[in-house]
Amino acid sequence: LVDFQVLQEPGNRSHWCVVAYWEEKTRVGRLYSVREPSLDIFYDLPQGNGFCLGQLNSDNKNQLVQKVRSKIGYGIQLTKEVDGVWVYNRSSYPIFIKSATLDNPDSRTLLVHKVFPGFSIKAFDYEKAYSLQRPNDHEFMQQPWTGFTVQISFVKGWGQCYTRQFISSCPCWLEVIFNNR
């Protein structure tokens with residue numbers, strides 16, 4: 001997944017998150033830094049402002065990837081609010097989200113949440129994320145912490161209830177890494 005160090009470089013302080021688009025196990029395109037309070041992520045629109053996945057060059061010829069890409073449509077909107085980050089599903093198909101702040105902190109595995117078209121979910125809660133951190137833990141200090149990351153797949157889910165056990169098996173997905181500074 002994305003190297004967390006990119007968030008800690010001087011001069012990158014003005015963004016609140018970075019978005020990476022993946023097709024199965026391959027990242028497609030560059031990391032997209034988000035500075036505005038909201039970001040539309042969509043496949044292809046004649047007009048629109050945001051992260052257009054349809055403009056990314058993908059060498060993936062897998063038919064399922066192509067089919068799912070074409071279904072992203074209006075995609076999602078990420079919005080940074082006072083209480084956290086909300087994801088609104090603008091697509092005609094469900095999206096699936098995994099976030100440490102959506103589940104019980106004592107849970108051993110995080111659940112994948114299905115969000116139907118036209119619905120939204122608070123995908124990330126800053127206050128809860130900070131409470132989940134263990135700053136005195138030596139392992140925490142040595143490694144990037146996944147609590148500041150949200151994974152979102154389009155159309156196809158993953159996890160315990162699906163044939164795909166890992167998000168890297170999903171045809172089209174996003175990794176959203178929040179700046180914890």
Side-chain angles (χ1 to χ4, degrees), residues 1-2 4 6-8 12-22 31-43 45 48-53 68 71-135 140 144-162 164-168 170-181:
L1 299 177
V2 175
F4 192 70
V6 73
L7 296 179
Q8 298 174 348
N12 274 353
R13 298 187 196 281
S14 61
H15 69 274
W16 60 271
C17 78
V18 174
V19 178
Y21 170 67
W22 295 78
L31 297 176
Y32 191 95
S33 294
V34 182
R35 290 171 175 76
E36 298 298 322
S38 70
L39 171 69
D40 292 326
I41 302 172
F42 49 88
Y43 180 70
L45 296 174
N49 190 12
F51 189 15
C52 180
L53 303 176
V68 170
K71 290 181 177 183
I72 293 171
Y74 292 111
I76 64 169
Q77 183 178 67
L78 290 176
T79 305
K80 182 180 181 188
E81 301 285 344
V82 175
D83 65 339
V85 177
W86 288 79
V87 176
Y88 173 59
N89 184 0
R90 299 174 24 163
S91 174
S92 299
Y93 297 89
I95 59 171
F96 300 83
I97 298 179
K98 184 166 119 178
S99 167
T101 66
L102 280 173
D103 291 313
N104 180 341
D106 298 326
S107 175
R108 294 185 61 139
T109 59
L110 298 178
L111 297 175
V112 176
H113 298 264
K114 185 176 189 175
V115 181
F116 290 96
F119 287 86
S120 61
I121 189 170
K122 184 163 107 175
F124 186 75
D125 182 315
Y126 285 99
E127 190 174 315
K128 191 170 180 182
Y130 283 114
S131 72
L132 294 173
Q133 284 183 318
R134 300 179 314 262
F140 167 75
W145 187 64
T146 57
F148 280 91
T149 302
V150 170
Q151 297 172 327
I152 304 169
S153 67
F154 295 99
V155 184
K156 302 292 182 180
W158 81 99
Q160 296 174 341
C161 300
Y162 298 91
R164 294 170 186 80
Q165 292 300 299
F166 305 101
I167 195 165
S168 58
C170 289
C172 301
W173 58 282
L174 301 170
E175 183 175 30
V176 184
I177 305 126
F178 299 100
N179 190 344
N180 65 346
R181 301 283 180 251

Would you say N179's side chain and H15's backbone share a donor-acceptor pair under 3.5 angstrom? yes
In this structure, OG of S153 is separated from CD1 of I97 (nearest 0.5 Å) by 9.0 Å
Check: F119 and N89 side chains under 4.5 Å, non-hydrogen atoms: no
Fit a plane to each ring of F178 and F124, take the angle between them on a 0 to 90° scale, and name the class: parallel (under 30°), tilted (30 to 60°) or perpendicular (over 60°). parallel
Is the backbone N or O of D83 less than 3.5 Å from a side-chain atom of K122, with the two atoms forming a donor-acceptor pair by type? yes
Give a yes or no answer on whether the side chain of Q165 reaches the backbone of G159 with a donor-acceptor pair at less than 3.5 Å. yes
E36 atom CD: more than 12 heavy-atom contacts under 6.0 Å: no
Below 4.5 Å, heavy atoms only, C-beta onward: do K114 and Y162 meet side chain to side chain? yes
If you take the centroid of each ring, where Trp contributes its six-membered ring, are Y21 and F51 closer together than 6.0 Å? no
Taking all non-hydrogen atoms of both residues, which atom of D125 and which atom of E127 are closest, and how far apart? OD1-N, 3.0 Å
Is there a donor-acceptor contact under 3.5 Å from the side chain of D103 to the main chain of L111? yes
Distance-only, no hydrogens or angles: does the S99 side chain make a donor-acceptor pair with backbone N or O of A123 under 3.5 Å? yes
